[in-house]
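Have a look at the structure below before the remarks.
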2 protein chains.
Amino acid sequence: MRKGEETRVRILDVAEAAVLSKGFGGTSIDELIAETGITKSGFFYHFHDKNELAKALLERYIENDNRIYDEIFGRARELMDDPLQSFLLGLKLLSELLADLPNGHPGCLVAVICVHERAFDREIQEINREAALTWRRRFRGMFEEIMAVYEPRVDLDVDQLADMVSTVIEGGIVISKALREPTGLAEQILVFRSFVKMLFKPK
Amino acid sequence: MRKGEETRVRILDVAEAAVLSKGFGGTSIDELIAETGITKSGFFYHFHDKNELAKALLERYIENDNRIYDEIFGRARELMDDPLQSFLLGLKLLSELLADLPNGHPGCLVAVICVHERAFDREIQEINREAALTWRRRFRGMFEEIMAVYEPRVDLDVDQLADMVSTVIEGGIVISKALREPTGLAEQILVFRSFVKMLFKPK
DNA sequence: CCGAAAACTGTACTGCCGGTACAGGAGGGA
DNA sequence: TCCCTCCTGTACCGGCAGTACAGTTTTCGG
């Protein structure tokens with residue numbers, strides 16, 4: 001890795017932690033450069049303004065997020081042949097991963113952007129939208145595979161069902177932060193898992 | 001209403017809309033006083049700093065939120081004698097109310113505070129926590145009534161089940177904002193409603 | 001209708017922050 | 001050697017939160 005890339009990554013690491021705990025407006029560039037050990041000029045060499053930082057941060061976050069889902073549901077798919085069992089195992093693994101974080105989920109950047117909505121330009125909102133659509137596609141694919149084998153007890157729209165996964169995760173993050181109960185998110189995922197389990201019966 | 005109270009409410013109205021669309025950091029006092037038609041001194045006469053504004057905003061939001069839930073689930077309770085049917089009707093009414101908002105849900109202040117977490121003092125975080133606990137108590141009460149009459153097909157923790165309502169609402173707000181699909185939240189509530197319907201069978 | 005309190009206005013200032021501008025320097029690779 | 005990447009240093013601008021405080025108008029009870 002070139003030295004410039006290294007510095008960039010260090011800035012992004014510091015910025016991500018700060019933004020997730022204080023929001024974008026609450027994170028000052030002065031603070032970031034102090035913690036990174038860089039000068040203001042150095043910062044603006046890497047990111048020409050705060051919006052560019054936001055964009056880089058969001059893109060990196062989404063990439064990482066997708067990698068984690070790939071790993072978890074990929075592993076679940078290897079261990080279980082049945083699509084329903086595999087999905088249920090994936091949710092279990094995800095819940096365990098989140099339960100092991102001592103301070104709970106650090107927060108989702110997609111949600112941060114949603115909350116600050118009008119403070120960012122169209123491009124960032126588009127990246128955010130694409131991230132949510134990627135989640136939808138991922139889980140819709142899984143539910144379609146499940147529905148090829150199992151009959152749902154209730155007729156539900158596949159997209160809406162797929163969005164429910166993201167909904168529970170995002171909502172779980174918010175609620176467990178509000179309650180200051182770090183395990184809340186993992187528990188909510190398991191409640192949702194019970195619902196999914198209940199929804200499908202063999203064809 | 002005294003004149004001072006009137007001005008205070010006007011400031012809060014303007015501030016709430018601004019904060020929900022741009023976040024706290026993105027909302028400047030100068031902007032608020034311009035839109036309210038008041039001077040800076042006038043603003044600081046009512047709120048001694050931005051934190052006090054946040055507190056007043058949050059308290060008012062929560063109060064209003066609870067009033068809406070009281071109305072909706074109160075009406076549902078009057079129309080249906082059975083606790084499950086009443087709860088399901090409540091969710092339906094809530095979903096319809098939200099589907100009628102042309103731009104979707106304006107955003108939840110509780111979530112805004114969660115995202116900005118470290119930017120606010122302990123007191124505000126405590127108010128936020130109390131709001132989430134109030135939601136939990138409200139829905140737990142309903143589920144307990146339901147469980148007195150119906151047998152759940154799966155054994156679920158009542159608190160976790162109650163939190164699922166808040167989770168779906170908060171998550172639904174985030175996801176429908178990210179997707180820029182205003183009806184998303186209403187749909188997610190209906191998906192959750194299907195799950196609840198499926199969960200209980202007569203004793 | 002008077003007086004006091006409430007509800008402001010006006011002005012001037014501080015310090016932080018985002019951002020700009022630009023000159024210059026260290027270090028490494030071709 | 002020279003250029004390019006990756007910075008540092010300095011100086012500055014305008015916006016914003018917040019302070020201070022003196023003065024003015026509005027309201028409302030007695």
Side-chain angles (χ1 to χ4, degrees), chain A residues 1-58 60 112-113 115-121 123-124, chain B residues 1-58 60 112-113 115-121 123-124:
Chain A
M1 201 195 298
R2 292 201 319 278
K3 203 195 164 201
E5 195 57 29
E6 237 174 81
T7 309
R8 210 184 128 92
V9 168
R10 230 167 59 237
I11 296 173
L12 287 173
D13 286 341
V14 171
E16 185 170 313
V19 167
L20 286 179
S21 81
K22 290 175 294 187
F24 250 95
T27 301
S28 75
I29 293 176
D30 283 8
E31 171 198 341
L32 297 181
I33 66 178
E35 203 165 334
T36 319
I38 209 182
T39 60
K40 208 169 189 178
S41 317
F43 175 87
F44 284 108
Y45 171 78
H46 288 284
F47 306 98
H48 122 274
D49 60 17
K50 226 184 172 184
N51 199 79
E52 206 175 294
L53 173 69
K55 195 186 144 196
L57 225 43
L58 182 60
R60 197 181 74 141
V112 172
I113 303 288
V115 162
H116 289 79
E117 222 181 344
R118 289 229 154 271
F120 296 103
D121 58 21
E123 194 190 357
I124 287 198
Chain B
M1 202 196 296
R2 294 201 316 277
K3 205 199 163 201
E5 194 58 28
E6 238 174 81
T7 309
R8 211 184 127 94
V9 167
R10 230 167 59 237
I11 297 173
L12 287 173
D13 285 341
V14 171
E16 185 170 313
V19 167
L20 286 179
S21 81
K22 288 175 295 185
F24 250 95
T27 302
S28 76
I29 293 176
D30 282 9
E31 171 198 342
L32 297 181
I33 65 177
E35 203 165 334
T36 320
I38 209 181
T39 61
K40 207 169 191 178
S41 317
F43 175 87
F44 283 108
Y45 171 80
H46 287 285
F47 306 98
H48 122 274
D49 60 16
K50 225 184 174 184
N51 200 78
E52 205 176 294
L53 173 69
K55 196 185 143 196
L57 225 45
L58 182 61
R60 197 181 73 142
V112 173
I113 303 288
V115 162
H116 291 77
E117 220 182 345
R118 288 231 155 270
F120 297 102
D121 59 21
E123 194 188 357
I124 287 198

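Just so we're clear, the structure is a prediction, and the values are computed from it rather than from any experiment. Quick note on labels: first sequence line is chain A, next is B, and so on, each numbered from 1.
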Just the rounded figure in Å: distance from C1' of D:dA17 to CZ of B:F24.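 Result: 14 Å.
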Between protein and nucleotides 23-25 of chain D, what N or O pairs are separated by less than 3.5 Å?
none

Hey, could you give me each pair passing side-chain hydrogen bond (donor to acceptor under 3.5 Å, both in side chains) that has a residue in residues 33-51 of chain B? Not counting sequence neighbours.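 Applying side-chain hydrogen bond (donor to acceptor under 3.5 Å, both in side chains) to every pair that reaches into residues 33-51 of chain B, excluding sequence neighbours, yields B:H48-B:E52, B:N51-B:D121.
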In residues 33-49 of chain A, which residues come under 4.0 Å of DNA chain D by heavy atom?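 Within residues 33-49 of chain A, the residues near DNA chain D are A:I38, A:T39, A:S41, A:G42, A:Y45, A:H46.
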Using chain A heavy atoms and a threshold of under 4.0 Å, write down where along DNA chain C the contacts begin and end, 5' to 3'.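 So the contact region on DNA chain C extends C:dC17 to C:dT20.
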Residue pairs, two or more places apart or on separate chains, that pass ring-ring contact (aromatic ring centres under 6.0 Å, His included) and touch residues 6-43 of chain B: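 Residue pairs with at least one partner in residues 6-43 of chain B: B:F24-B:F120, B:F43-B:F47.
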Heavy-atom side-chain proximity of B:L53 to B:L12 below 4.5 angstrom: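 Touching, per the 4.5 Å side-chain cut-off.
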Min side-chain heavy-atom separation B:R60-B:D13 under 4.5 Å: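 Yes, their side chains come closer than 4.5 Å.
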Distance, nearest 0.5 Å, that separates [atom1] of [X] from [atom2] of [Y]:
{"X": "A:T7", "Y": "A:I38", "atom1": "OG1", "atom2": "CD1", "result": "5.5 Å"}
{"X": "B:I124", "Y": "B:L57", "atom1": "CD1", "atom2": "CG", "result": "9.0 Å"}
{"X": "A:H116", "Y": "B:T27", "atom1": "NE2", "atom2": "OG1", "result": "9.0 Å"}

Nearest atoms (heavy-atom pairs only) where A:E31 meets A:G26: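 Here A:E31 and A:G26 meet closest at OE1-O, 3.9 Å.
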In a check of side chain to side chain contact (heavy atoms under 4.5 Å, CB included) between A:V14 and each of A:I33, A:V9, A:L32, which one passes?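 The residue from A:I33, A:V9, A:L32 that satisfies side chain to side chain contact (heavy atoms under 4.5 Å, CB included) with A:V14 turns out to be A:L32.
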Output the residues of residues 11-20 of chain A in contact with DNA chain C, where contact means a heavy atom of the residue under 4.0 Å from an atom of the strand; sort by number or write none.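 None - not one residue of the stretch has a heavy atom sitting under 4.0 Å from the strand.
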Tell me whether the OP1 or OP2 atom of D:dC7 has a side-chain N or O from A:T7 closer than 4.0 Å.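 A:T7 to D:dC7 OP1/OP2: side-chain N or O found under 4.0 Å.
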